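Structure first, commentary second.
Heads up: numbering here begins at 1 and tracks the sequence. Every value quoted in this text rests on a predicted model; they were computed, and no experiment measured them. We use all heavy atoms of the structure for the numbers below, so side chains are in, but hydrogens, waters and symmetry mates are not.
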Amino acid sequence: MGASVNEAIEQLKMNGVRMTPQRHAILSYLMGSMSHPTADEIYKALSPNFPSMSVATIYNNLRLFVEAGLVRELTYGDDSSRFDADLSDHYHAICKSCGQIVDFEYPPLLEVERAASHKTGFTVEGHRMEIYGVCSSCCEAAVRA
């Protein structure tokens with residue numbers, strides 16, 4: 001995974017961001033999660049320990065983390081953004097049935113970027129690729145049904 005929680009906290013402090021217990025909890029949860037949670041999922045996980053925290057607090061802090069470059073916002077056309085603290089080069093496989101997102105590594109598709117740049121004249125800054133299908137759990141459930 002990318003930076004540790006302590007490194008992320010130091011980076012925020014250098015940018016003048018005060019570290020509150022809620023921010024620390026949100027950041028720790030995200031950096032420990034491999035499930036690419038939504039803001040609502042983060043809220044449900046943390047609200048028992050932070051009863052005064054609102055969903056708006058979660059969203060505001062997620063925006064702050066995205067702007068600070070600590071978290072990546074994943075939008076896949078549905079109504080809920082998901083958040084990923086793993087900033088390494090990796091791709092996502094997404095289940096069309098349950099919505100689960102699984103990371104996988106593959107050598108970066110630099111040749112695709114070069115081809116895009118050559119054919120369009122763009123200065124390519126990066127790319128994103130998703131693989132869509134049905135996860136093994138959903139396949140097994142369909143067989144049992």
Side-chain angles (χ1 to χ4, degrees), residues 1-12 15 17 19-51 53-145:
M1 189 177 290
S4 73
V5 174
N6 288 337
E7 290 170 329
I9 290 169
E10 286 308 310
Q11 186 175 333
L12 288 169
N15 291 331
V17 176
M19 189 49 55
T20 65
Q22 290 92 338
R23 281 189 184 138
H24 190 279
I26 296 165
L27 199 53
S28 296
Y29 182 83
L30 259 177
M31 295 186 105
S33 172
M34 295 303 289
S35 66
H36 309 84
T38 64
D40 284 339
E41 289 167 348
I42 297 168
Y43 172 74
K44 286 175 186 155
L46 298 180
S47 61
N49 295 329
F50 295 93
M53 186 164 46
S54 67
V55 176
T57 301
I58 303 281
Y59 275 107
N60 291 338
N61 282 292
L62 289 170
R63 296 276 168 261
L64 180 79
F65 298 155
V66 168
E67 287 169 13
L70 296 173
V71 172
R72 190 177 290 156
E73 183 174 5
L74 307 176
T75 53
Y76 292 116
D78 58 4
D79 54 356
S80 295
S81 290
R82 293 182 167 272
F83 295 88
D84 190 357
D86 182 354
L87 301 178
S88 68
D89 285 333
H90 66 281
Y91 300 108
H92 298 110
I94 304 155
C95 180
K96 293 182 356 180
S97 181
C98 70
Q100 173 181 274
I101 301 173
V102 177
D103 291 343
F104 71 96
E105 291 184 19
Y106 191 81
L109 302 175
L110 300 179
E111 188 53 41
V112 171
E113 290 187 4
R114 283 193 284 275
S117 178
H118 177 73
K119 290 183 184 282
T120 65
F122 280 37
T123 300
V124 175
E125 297 177 350
H127 69 275
R128 139 179 148 174
M129 178 179 73
E130 300 97 40
I131 302 297
Y132 294 92
V134 179
C135 71
S136 59
S137 297
C138 289
C139 285
E140 289 170 16
V143 168
R144 285 192 303 267

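In plain terms, the two heavy atoms of Ser28 and Val5 that are nearest each other are OG-CG1, 3.7 Å. When every heavy atom of Leu30 is checked against every heavy atom of Pro37, the shortest pair comes out as CD2-CG, 3.8 Å. Residue Gly69 comes nearest to Leu87 through the heavy atom pair O-CD1, 2.9 Å, listed as atom of the first residue, atom of the second, then distance. Here the closest non-hydrogen pair linking Ile131 and Phe104 is CG1-CZ, 3.6 Å.
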Determine whether Glu41 and Thr38 satisfy the following criterion, side-chain contact (heavy atoms from CB on, under 4.5 Å), listing intermediate values before the conclusion. CA-CA 5 Å; Glu41 289 167 348; Thr38 64; 3.3 Å; yes
For this session: Starting from the C-alpha separation in whole Å, work towards a yes-or-no answer on side-chain contact (heavy atoms from CB on, under 4.5 Å) for Leu12 and Phe65.
Result: CA-CA 8 Å; Leu12 288 169; Phe65 298 155; 3.7 Å; yes
Item checked: Worked check of side-chain contact (heavy atoms from CB on, under 4.5 Å) between Asn15 and Gln11 -> CA-CA 6 Å; Asn15 291 331; Gln11 186 175 333; 4.3 Å; yes
Please report the C-alpha distance between His127 and Tyr91 in whole Å, then the side-chain angles of each, then the deciding distance to 0.1 Å, and finally whether the side-chain hydrogen bond (donor to acceptor under 3.5 Å, both in side chains) criterion is met. CA-CA 10 Å; His127 69 275; Tyr91 300 108; 2.7 Å; yes
Would Ser97 and Cys135 satisfy side-chain contact (heavy atoms from CB on, under 4.5 Å), going step by step from the backbone distance to the final call?
CA-CA 8 Å; Ser97 181; Cys135 71; over 6 Å; no
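Between Val66 and Arg72 the shortest side-chain heavy-atom distance does not fall below 4.5 Å. Residues Glu10 and Asn6 have side chains not in contact (no heavy-atom distance under 4.5 Å, counting atoms from C-beta outward). The closest side-chain heavy-atom distance from Glu130 to Arg128 is below 4.5 Å.
A salt bridge does not link Arg82 with Glu73: none of the charged nitrogens is closer than 4.0 Å to a carboxylate oxygen.
For Glu111, the CD atom is densely surrounded, since the number of other residues' heavy atoms within 6.0 Å is greater than 12. Within a 6.0 Å sphere centred on OH of Tyr106, other residues, nucleotides and ligands contribute 12 heavy atoms or fewer.
Separating the CG atom in Leu64 from the CZ atom in Arg23 is a distance of 5.5 Å, to the nearest 0.5 Å. In this structure, Tyr29 OH and Ile58 CD1 are separated by 10.0 Å, a value rounded to the nearest 0.5 Å. A distance of 10.5 Å separates CZ in Phe83 from CD1 in Ile26, rounded to the nearest 0.5 Å. Distance check, rounded to the nearest 0.5 Å: CZ of Phe122 to CD of Glu113 gives 13.0 Å. If you take SG on Cys138 and NZ on Lys96, they are separated by 12.0 Å, rounding to the nearest 0.5 Å. Here OG of Ser81 is found 11.0 Å from CG of Asp40. Values are rounded to the nearest 0.5 Å.
Of the possible donor and acceptor atoms, one in the side chain of Glu7 sits under 3.5 Å from a partner among the backbone N and O of Ser4. Panel note: side chain Thr57, backbone Met53; no donor-acceptor pair is recorded below 3.5 Å.
Screening residues 116-125 for side-chain hydrogen bond (donor to acceptor under 3.5 Å, both in side chains), with sequence neighbours left out, gives no hits.
Remark: Asp103 pairs with Met34, His36, Asp84, Asp86, His90, His92 by the side chain to side chain contact (heavy atoms under 4.5 Å, CB included) rule, at least two apart or across chains.
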